[in-house]
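Presented below is the structure to which this report refers.
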Amino acid sequence: MGKDVIVACDFASAEQVFSFLDKFTEKKPFVKIGMELFYAEGPEIVRQIKARGHKIFLDLKLHDIPNTVKKAMAVLSNLDVDICNLHAAGTTAMMQAALEGLTRPDGTRPLLIAVTQLTSTDQESMERDLLIHEPIDQVVMHYAKTAKNAGLDGIVCSPLEAGKVHEVCGKEFLTVTPGVRFADGEAGDQKRIMTPAQAKEIGSDYIVVGRPITAAADPVAAYNRCVAEFCD
Ligand code: C5P
């Protein structure tokens, strides 16, 4: 898979997501389904969006004991998604078990990427609540290396970290980066942001874009602008 724009479909119902996706009559965007939509509509929403011809990143961020994650991943692999994810904090044993569960009898599997430290976690909360005292960027790089050594395909990270992750883990290790905004757009609650063109420049493999597309007056035009800046 090459560089692509993944649209974060953070909607609370099938009705809302389909009325949004119906606007895309030409190129079918790569879609991210998160916890909100999945918990509201269940696995059927994944099958329905897939049947419409979209690639899917199922963003459920699994984190549990290895055996439980392995079994859950085996179920998700039957949904025929393209990318799914977990928390690197579950450690190597959990990530390896996830890969085993995800691998289908014919040897194929969705790509598996890891969340390192959530972007909502800062140095202060990491030290206070998690008792991790290293600088947060080193913690993120350590989690990235651990995910790579466990056999994962990449990580979710800020576009600001994508270049460093490629230096440390190699060019093939995927960086999937939210926190993307147009130069003339609103940042909203995202703090460490980049434009699609800057994310391309720094080497992000996939950008995850939500509100700049879903809340735009013309979502298809906003999506096309992202694709033009990031992919072309
Ligand atoms: O609307 P916006 O472009 O901010 O959406 C970004 C998407 O990426 C959301 O679905 C958000 O949950 C997700 N995300 C993020 N930061 C992370 C991990 C995921 O913004 N570190």
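Because the structure is a prediction, the values reported are computed rather than measured.
Under the 4.5 Å side-chain contact rule for hydrophobic residues, Leu76 and Val46 share a cluster. Val7 and Ile33 end up in the same hydrophobic cluster when Ile, Leu, Val, Met, Phe, Trp and Tyr side chains are linked at under 4.5 Å. Side-chain heavy atoms closer than 4.5 Å link hydrophobic residues (I, L, V, M, F, W, Y) into clusters, and following such links, even through other members, never connects Val156 to Leu152. At a threshold of 4.5 Å between side-chain heavy atoms, the hydrophobic network of Ile, Leu, Val, Met, Phe, Trp and Tyr places Leu79 and Leu60 in one connected group.
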Working for ring pair (Phe, Tyr, Trp, His ring centres under 6.0 Å), residues Phe11 and Phe20 | CA-CA 9 Å; Phe11 297 106; Phe20 171 73; 5.3 Å; yes

Give the C-alpha distance, both sets of side-chain angles, the deciding distance and a yes or no for side-chain contact (heavy atoms from CB on, under 4.5 Å) between Met73 and Leu86.
-> CA-CA 10 Å; Met73 285 293 183; Leu86 46 62; 4.3 Å; yes

Begin with the C-alpha distance, continue with both residues' side-chain angles, and end with the deciding distance and a verdict on side-chain contact (heavy atoms from CB on, under 4.5 Å) for Phe230 and Ser204.
-> CA-CA 9 Å; Phe230 183 68; Ser204 289; 4.0 Å; yes

Stepwise side-chain contact (heavy atoms from CB on, under 4.5 Å) test for Ile83 and Ile56 = CA-CA 6 Å; Ile83 306 178; Ile56 294 177; over 6 Å; no

Take Lys164 and Glu161 through the test salt bridge (Lys or Arg N to Asp or Glu O under 4.0 Å) and record every step on the way to the result.
-> CA-CA 5 Å; Lys164 185 80 192 291; Glu161 292 156 355; over 6 Å; no

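In this structure, the side chain of Asn85 does not engage the main chain of Leu62 through any donor-acceptor pair within 3.5 Å. A donor-acceptor pair under 3.5 Å is absent between the side-chain atoms of Thr121 and the main chain of Gln117, judged by distance alone. Although no hydrogens or angles enter the test, the distance criterion places no donor-acceptor pair under 3.5 Å between the side chain of Arg211 and the main chain of Gly188. Under the 3.5 Å distance criterion, the side-chain polar atoms of Arg109 are left unmatched by any main-chain donor or acceptor of Leu102. Without hydrogens or angle criteria, Asp153 side chain to Leu112 main chain gives a donor-acceptor distance under 3.5 Å. Checking side-chain atoms of Lys50 against main-chain N and O of Asp80 turns up a donor-acceptor pair under 3.5 Å. With Thr103 contributing its side chain and Leu99 its backbone, the two residues share a donor-acceptor pair below 3.5 Å. Under a 3.5 Å cut-off, the side chain of Thr146 and the backbone N or O of His142 do form a donor-acceptor pair. Judged by distance alone, the side chain of Ser158 and the main-chain N or O of Leu160 form a donor-acceptor pair under 3.5 Å.
In summary, the side chains of Gln123 and Glu127 do present a donor paired with an acceptor at a separation below 3.5 Å, with no hydrogens or angles considered. Under 3.5 Å, the side chains of Asp22 and Ser19 contain no donor-acceptor pair of N or O atoms.
Note that CG of Asp205 and NE2 of His166 are 4.0 Å apart. Values are rounded to the nearest 0.5 Å. Atom CE of Met141 is separated from atom CD1 of Ile155 by 6.5 Å, given to the nearest 0.5 angstrom. With values rounded to the nearest 0.5 angstrom, Leu174 atom CG is found 11.0 Å from Cys169 atom SG. The CE atom of Met35 sits 10.0 Å away from the CG atom of Leu58 when rounded to the nearest 0.5 Å.
The six-membered or imidazole ring of Phe24 lies near that of Tyr223, with a centre-to-centre distance under 6.0 Å.
Shortest non-hydrogen contact noted between Ala150 and Thr92 is CB-CG2, 4.2 Å. Smallest separation of non-hydrogen atoms from Val31 and Cys9: CG1-SG, 3.8 Å. Residues Ala40 and Ala12 come closest through the heavy atom pair CB-O, 3.3 Å. Of all heavy-atom pairs between Cys226 and Phe182, the closest is SG-CZ, 3.6 Å.
At most 12 heavy atoms of other shown residues, nucleotides or ligands fall within 6.0 angstrom of atom NZ in Lys71.
Among pairs with a residue in residues 71-93, those fulfilling ring pair (Phe, Tyr, Trp, His ring centres under 6.0 Å) read His63-His87, at least two apart in sequence or across chains.
Exactly one residue among His54, Lys55, Glu41 makes a side chain to side chain contact (heavy atoms under 4.5 Å, CB included) with Ile49. That residue is His54.
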